> 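Sharing a structure here in structure tokens format.
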Amino acid sequence: MMAETGASGPRLAELLALGRRLWDELEASTEPSSGAPAVQDKVRQGLDALQRATAMVAQLELFSENEELEEVASADLKYMLLPALLGALTLKQVDLSRRREHLESAREHFLRFLKLCRNYGLGSFQLPPGISSEEETGSPSAPRDPAQPNLVAMAMSRTAKIERYKQKKELENKLASMSSFVESGTADEDQIREFYILQIQKWIGTSLEEVESIDQELVILRSRDAARQASAGPRGPSRSARIPMKPFILTRDAAQARVFGAGYPGLPTMTVDDWYEQRRRQGVVSSAHRVPGASDEELQKQQQETEEEKDDEEALQKARDWDDWKDTHPRGYGNRHNMG
């Protein structure tokens, strides 16, 4: 079916022409910022025109998975570019709060264009993977261990990029030489058909590059979102959130607690074991800090031994310092009265 015929034909052609013109103006724009109001206004106008044209193409059923490229009218071939142009214009949006949404939407447009081209046998290329549950945690084509990259895949990707670059330059040269004939209306149907097919092949290379770039950015955005969710997740009780302790009398055992409790009715009493148990429940100390069954005398003995060891170390250090000082200072050094 030819889209140029009928009442809706010219309107469809005008919508595509408007979208193409706005895209060309954005590409040639000298605006210092892509977020300038004039730039974003053109982006919105272009997206609106291309979306309306896409809806009309679907309504007219111009393309089918069951037909061959030869069955498509030459004048209808240019409408195959609609998904690719939609993807390119979607990437021109600059709302950072919706960046991930725009990337995923543009990726879907590019994939739809590439699938359409594959169905009609336009170009030989491998379709990028679709968005799946595996990609939510990272690109499946990326190596799992960054320290051990897949060198074979990297080499194949680099070779494919070089080949696409060469093809892109050749296609641009051919299109430049044919555009004047097509735009002036002097080209015959075969030349028009070849011109549109060359345009489609050029956008195939562009779409593959854009999808690869989108996948890399999506991995970064998903990692950032995951890090934010992890940092905002549930945490343990902070030091400031702990319940402050009220004043109390710490005793050795329950018998001593009863004695002090009778003399100081305004202050509660607590044994050492009770104190450790309370602090353990609050998460301040662990059970490793208190040996079960250890008496208060044993704890005091351990503390005394620790202090004695500390005193021994200090005494030893002082003796070493004194020996060092005597090595460098002769006897009588500093005695002002000993003039001889």
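Note that these values count all heavy atoms, side chains included, but never hydrogens, waters or copies made by symmetry. Along the sequence shown, residues carry numbers from 1. Worth saying up front: this structure is predicted, and the values here are computed from it rather than measured.
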> Look at the side chain of Ser29 and the backbone N and O of Glu25, then say whether any donor-acceptor pair between them is shorter than 3.5 Å.
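Not at all, since once roles are kept as given, no pair shorter than 3.5 Å links the two residues.
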> Go through the steps for Arg52 and Arg11 under the test side chain to side chain contact (heavy atoms under 4.5 Å, CB included), then give the verdict.
CA-CA 10 Å; Arg52 291 166 61 189; Arg11 187 183 176 193; 2.7 Å; yes
> So if you build clusters from Ile, Leu, Val, Met, Phe, Trp, Tyr with side-chain heavy-atom gaps below 4.5 Å, do Leu175 and Phe181 land together?
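Hydrophobic grouping puts Leu175 apart from Phe181.
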> Compute whether any side-chain donor of one residue and acceptor of the other, for His109 and Arg112, lie under 3.5 angstrom apart.
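Distance-only check passes for His109 and Arg112.
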> With a 3.5 Å distance limit and no angle check, can you tell me whether Tyr120 reaches the backbone of Glu67 through a side-chain donor-acceptor pair?
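It does not hold such a pair.
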> Just by distance, do the side chain of Glu194 and the backbone of Gln191 share a donor-acceptor pair under 3.5 Å?
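Between the backbone of Gln191 and the side chain of Glu194 there is no qualifying donor-acceptor contact (under 3.5 Å).
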> Would you kindly confirm whether Val43 and Leu22 end up in one hydrophobic cluster when ILVMFWY residues are joined by side chain heavy atoms under 4.5 Å apart?
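Per the 4.5 Å side-chain linkage, Val43 and Leu22 are not co-clustered.
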> Please check if Ile200 and Tyr165 belong to a single hydrophobic cluster, counting links between Ile, Leu, Val, Met, Phe, Trp and Tyr side chain heavy atoms closer than 4.5 Å.
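No; tracing contacts between hydrophobic side chains, which count when under 4.5 Å, never links both residues.
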> Applying side chain to side chain contact (heavy atoms under 4.5 Å, CB included) to Gln126 and Leu208, what does each step give before you reach the verdict?
CA-CA 9 Å; Gln126 184 176 2; Leu208 291 171; over 6 Å; no
> Quick one: does Arg20's side chain get under 4.5 Å of Gln199's, heavy atoms only?
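A side-chain contact exists here, since the closest heavy-atom pair is under 4.5 Å.
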> I need the Glu209 CD to Ile204 CD1 distance, nearest 0.5 Å.
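So the CD of Glu209 and the CD1 of Ile204 are separated by 12.5 Å.
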> Could you name each residue pair satisfying ring pair (Phe, Tyr, Trp, His ring centres under 6.0 Å) that touches residues 42-78, not counting sequence neighbours?
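For residues 42-78, and leaving out neighbouring residues, there are no ring pair (Phe, Tyr, Trp, His ring centres under 6.0 Å) pairs at all.
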> Looking at CG of Leu85 and OG of Ser207, how far apart are the two atoms once the value is rounded to the nearest 0.5 Å?
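Rounded to the nearest 0.5 Å, the CG-OG separation comes to 9.0 Å.
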> Determine the minimum heavy-atom distance between Asp76 and Val72, stating which atoms define it.
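In this case the closest contact between Asp76 and Val72 is CB-CG1, 4.1 Å.
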> Any idea which heavy atoms bring Ser74 and Arg193 closest together, and the distance?
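That closest heavy-atom pairing would be OG-NH1, 3.0 Å.
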> Between Leu82 and Phe113, is there a shared hydrophobic cluster once you connect ILVMFWY residues whose side-chain heavy atoms come closer than 4.5 Å?
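Leu82 clusters together with Phe113.
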> Are side-chain heavy atoms of Lys166 and Ile162 found at a separation under 4.5 Å?
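A side-chain contact under 4.5 Å exists here.
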> Output yes when a side-chain donor or acceptor of Gln93 lies under 3.5 Å from a complementary backbone atom of Gln40, and no otherwise.
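Side chain of Gln93 to backbone of Gln40, a donor-acceptor pair under 3.5 Å: no, none is there.
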> When clusters are formed by joining ILVMFWY residues with side-chain heavy atoms under 4.5 Å apart, either directly or through shared neighbours, do Ile214 and Val94 land in the same one?
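No, no single cluster joins them.
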> Output yes when a side-chain donor or acceptor of Glu27 lies under 3.5 Å from a complementary backbone atom of Asp24, and no otherwise.
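Not a single qualifying donor-acceptor pair exists.
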> Let me confirm one number: the CD-NE2 distance from Glu217 to His102, rounded to the nearest 0.5 Å.
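Interatomic distance, Glu217 CD to His102 NE2, rounded to 0.5 Å: 12.0 Å.
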> So Asp215 and Val211, do their side chains get closer than 4.5 Å, heavy atoms only?
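Yes. Closest side-chain heavy atoms under 4.5 Å.
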> Taking the side chain from Ser231 and the backbone from Ala227, do they hold a donor-acceptor pair closer than 3.5 Å?
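Between the backbone of Ala227 and the side chain of Ser231 there is a qualifying donor-acceptor contact (under 3.5 Å).
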> Mind checking the CD1-NZ spacing from Ile192 to Lys78? Nearest 0.5 Å is all I need.
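One gets 8.5 Å once the value is rounded to the nearest 0.5 Å.
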> Out of curiosity, Leu26 CG to Arg21 CZ, how far, rounded to the nearest 0.5 Å?
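The CZ atom of Arg21 is 10.5 Å from CG of Leu26, to the nearest 0.5 Å.
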> For Ala53 and Leu16, which heavy atoms make the closest approach, and how far apart are they?
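Looks like CB-N, 4.5 Å.
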> Give the minimum heavy-atom separation between Pro128 and Leu114, together with the two atoms involved.
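Heavy atoms of Pro128 and Leu114 come nearest at CD-CD1, 3.9 Å.
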> With sequence neighbours excluded, give me every ring pair (Phe, Tyr, Trp, His ring centres under 6.0 Å) pair touching residues 189-212.
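Every pair satisfying ring pair (Phe, Tyr, Trp, His ring centres under 6.0 Å) with a residue in residues 189-212: Trp23-Trp203.
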> Between the side chain of Ser184 and the main-chain N/O of Ser180, is any donor-acceptor distance below 3.5 Å?
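Indeed, once roles are kept as given, a pair shorter than 3.5 Å links the two residues.
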> Identify the two heavy atoms, one from Leu50 and one from Gly19, that lie closest to each other, and give their separation to 0.1 Å.
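Of all heavy-atom pairs spanning Leu50 and Gly19, the closest is CD2-CA, 3.8 Å.
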> Look at the side chain of Arg222 and the backbone N and O of Arg100, then say whether any donor-acceptor pair between them is shorter than 3.5 Å.
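Between the backbone of Arg100 and the side chain of Arg222 there is no qualifying donor-acceptor contact (under 3.5 Å).
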> Is there a side chain to side chain contact (heavy atoms under 4.5 Å, CB included) between Leu69 and Leu77 once you walk through the steps?
CA-CA 9 Å; Leu69 182 62; Leu77 286 173; 3.8 Å; yes
> Check whether Asp41 reaches the backbone of Pro37 with its side chain - one donor and one acceptor, N or O, closer than 3.5 Å.
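Side chain of Asp41 to backbone of Pro37, a donor-acceptor pair under 3.5 Å: no, none is there.
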> Set out, in order, the CA-CA distance, both residues' side-chain angles and the distance that settles side chain to side chain contact (heavy atoms under 4.5 Å, CB included) for Leu91 and Leu103, then state yes or no.
CA-CA 7 Å; Leu91 291 177; Leu103 288 173; 3.8 Å; yes
> With rounding to the nearest 0.5 angstrom, report the CG to CG distance, Leu89 to Asp48.
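Those atoms lie 11.5 Å apart.
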> For the residue pair Arg118 and Gly123, what are the closest heavy atoms and their distance?
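In this case the closest contact between Arg118 and Gly123 is CD-O, 4.5 Å.
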> Please tell me whether Gln317 and Asp321 have a donor and an acceptor in their side chains that are separated by less than 3.5 angstrom.
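Yes, Asp321 and Gln317 have a side-chain donor paired with an acceptor closer than 3.5 Å.
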